[in-house]
Every structure is written in structure tokens, then in C-alpha cells.
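Computation of the quantities below employed the complete heavy-atom set of this structure, encompassing side-chain atoms and omitting hydrogens, waters and symmetry-equivalent molecules. Numbering of ligands and ligand atoms starts at 1, following listing order.
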Amino acid sequence: MEKFTQVSDISSVPAMVRKALELKANPHAHTVLGANKTVGLIFMNPSLRTRLSSQKAAMNLGMNAMVMNIDKEGWALELRDGAVMNGTTVEHIKDAAGAMGLYCDVIGIRCFPGLISREDDYREHVLSQFIKYCPVPVMSLESATRHPLQSFADMITIEEHKLHTTPRVVLTWAPHVKALPQAVSNSFAEWALASKYDVVITHPEGYELSEEFTHGATIDHNQERALDGADFVYVKNWSSYKDYGKILTQDDSWLLTNDKLKNTANAKIMHCLPVRRNVELSDEVLDSPNSLIMQQAENRIYAAQAVLKELLEGV
Ligand code: SN0
């Protein structure tokens, strides 16, 4: 694998999930592969799980990890080609990515969307500039439109908990106080569909995700109907794709409660975290025995480890 930015960068989701589960069973089996190798983890936005699980994954492989919060600790980056840099930006991404590549064997980068220009965000301007100028393999730590390490961990978690081959997997929109990216939802849909699951997406009108990610899923604006028979319920807020980056409603009738789960197939509940408790999801659901949020967080290690391993092997 030469880069890891979306599901199409891997040849098979079930095969990658199997590899991750092998690593989970035997995390320190490949320390020779990672010895004397370095991963750089570059953050333009906050992180808890991605940062620590990727570091842990690197350590499990015997690698070194260097972390930089480039938005706070680096020079202000210029992203435009040919810019006359006589303003507030100090260093061009071309020079930053080029230099960082000299210190690392793999680089991970987190670059959230601006949520102002749909065109800029959806052409992945920052990530693609970084890949263009970075001389070593790049992995996404969440980009403008996708969060592939999260989705990979989610597929590992579903594999561990599913009771039949084709579970009904429901992605439900949740209210939030802030405009959030579509990245986690886009990516979850992309990976669940690639896993050939029965994917249902439910949200208020106006929150349709780009069809690029949801083609093949059932879209239903009725949450109760969507939840009927669900095996897994993935809860996430996202801002509007159509009315780009806007909050169209904060309707708290979309908040998931135990009562709403009564017609599911004793559904397991998933969320990528961080979660705004009692806004996006109620305490009673998050803390119930059916909640998989900690299992997802743990599997972030093995998703990152499987990706780092493939990038180091270059196969
Ligand atoms: C990010 C998102 O893409 O939704 C990262 C999730 C892994 N979430 C947030 O930015 C939450 C911010 C907030 O204020 O709740």
C-alpha cells in the first residue's frame, strides 16, 4: 500500500479486518519490521484517540513516533500554489511536507475541512497538496471528507460483534451545538457498503450526504422506521452537505434514547467519540451494556497498526 486515505486504497475490507484481528491477538509479532523506522503524526486540529492509538500502534510495531501539532507549534502554512507570501503565512506546504518526509518513513496528517467552501473541502486540497510534496507514504488521520482509520476500527468492531453475515447497520444523524464535518459519516458509509452490509442512513431533510459515499444505502428520513430491526446503530452529527457547512436544525427529538431502540434487534450502539453527552447521545445509551464505544476506541490501535504495517511493507 502506498497511501491510506480512503477505502479504495486497500484491496479488501474483510482481509484487512482479518489482519487487524491477527495483530490484536499478537500485537508485538512484527517489531523487526518497525525497528529503526519513524512515523510522523502531524495535526492541524485536535485529537485524542487518533494521536494516542497511532502512537501506540507504532510502538507495538517497534517504530518511533514523532508528533507535531502543526497548527500551534509550526509556522503558519501557505497552501496556494504560486502565492506571494507577503502576508500572514510563513511556510509553504511544499517545503514543510518535503522536509518532514526526510525525517520519517511514514507520515500521518489530520486536516479538517474549513466547512466554508464545499469545492475546496471535497477536492481534499490540503491532503492532496501534502501527498504531492511528501516523499514518503501518507496516511490520513482524518481529512476534509473522510476518517478512514476510524471507519476501519468500526469495521473491526462490527466483525467482532455481528451475529450474522449481513447485519443491518443504521447510521443516524444526531443533534449538536456546532457545525461538524461529514467526514466520519461519509467514511462510515463508504466502509460499511464496501463490507456489503445492509446500510440504512437516517437524518432530517437537508442532511443528505454526498451520493459518492452513500450509493447503495437506503436513505430514510423517518428515524423510527430506519431503526426497526437494526443490529448496529451508529450515531453521529454532521453539518449539511447541500447547504454546505450549515446547521439546519438542532431538533432534540433525534437524540437516541433506550426507548427508541425497542424495535431494534437488541442493537449495539456505536459512536466515534468525542461525544457531547445528552446532546448527541443520552447517558443511558452510552453507558448501557450494548454500547461499543470503548471497543471502538480500543480497535483504533489495531486499525492504525495494520495500516502502518502495510505502508512499511509497501505491498
Ligand atoms: C470531529 C468530527 O469530524 O466530527 C472528530 C471526530 C473524530 N469531531 C469534532 O470536531 C467534535 C467537536 C465538538 O465540539 O464536539
Do me a favour and list the nearest non-hydrogen protein atom to [atom] with residue, atom name and distance?
{"atom": "atom 13 (C) of ligand 1", "answer": "Arg276 NH2, 3.4 Å"}
{"atom": "atom 12 (C) of ligand 1", "answer": "Lys178 NZ, 3.6 Å"}
{"atom": "atom 10 (O) of ligand 1", "answer": "Leu180 CD2, 3.9 Å"}
{"atom": "atom 4 (O) of ligand 1", "answer": "Lys236 NZ, 2.7 Å"}
{"atom": "atom 3 (O) of ligand 1", "answer": "Glu142 OE2, 2.7 Å"}
{"atom": "atom 1 (C) of ligand 1", "answer": "Phe112 CZ, 4.1 Å"}

For [X], does the [atom1] atom have more than 12 heavy-atom neighbours from other residues, nucleotides or ligands under 6.0 Å away?
{"X": "Glu119", "atom1": "CD", "answer": "no"}
{"X": "His164", "atom1": "NE2", "answer": "yes"}
{"X": "Leu102", "atom1": "CG", "answer": "yes"}

Q.
If we set the cut-off at 4.0 Å for heavy atoms, which region of Asn45 has an atom near ligand 1: side chain, backbone, both, or neither?
A. neither
Q. Heavy-atom contacts under 4.0 Å between His176 and ligand 1: side chain, backbone, both, or neither?
A. side chain
Q) Is there a donor in the side chain of Ser239 and an acceptor in the side chain of Gln182, or the other way round, less than 3.5 Å apart? A) yes
(Q) Under a plain distance cut-off of 3.5 Å, with no hydrogens placed, do Asn237 and Lys178 share a side-chain donor-acceptor pair? (A) no
Q | Close approach, Pro181 and ligand 1, non-hydrogen under 4.0 angstrom | A | yes
Q) Which residue pairs pass the salt bridge (Lys or Arg N to Asp or Glu O under 4.0 Å) test when at least one of the two sits in residues 181-193, sequence neighbours left out? A) Arg146-Glu190
(Q) If I apply the N/O under 3.5 Å rule, does His147 come out as touching ligand 1? (A) no
Show which side-chain atoms of residues 28-47 pair as donor or acceptor with protein atoms under 3.5 Å away, not counting sequence neighbours.
from, atom 1, to, atom 2, distance (Å)
His28, NE2, Asn60, OD1, 3.2
Asn45, OD1, Phe112, N, 2.8
Ser47, OG, Arg51, N, 2.9

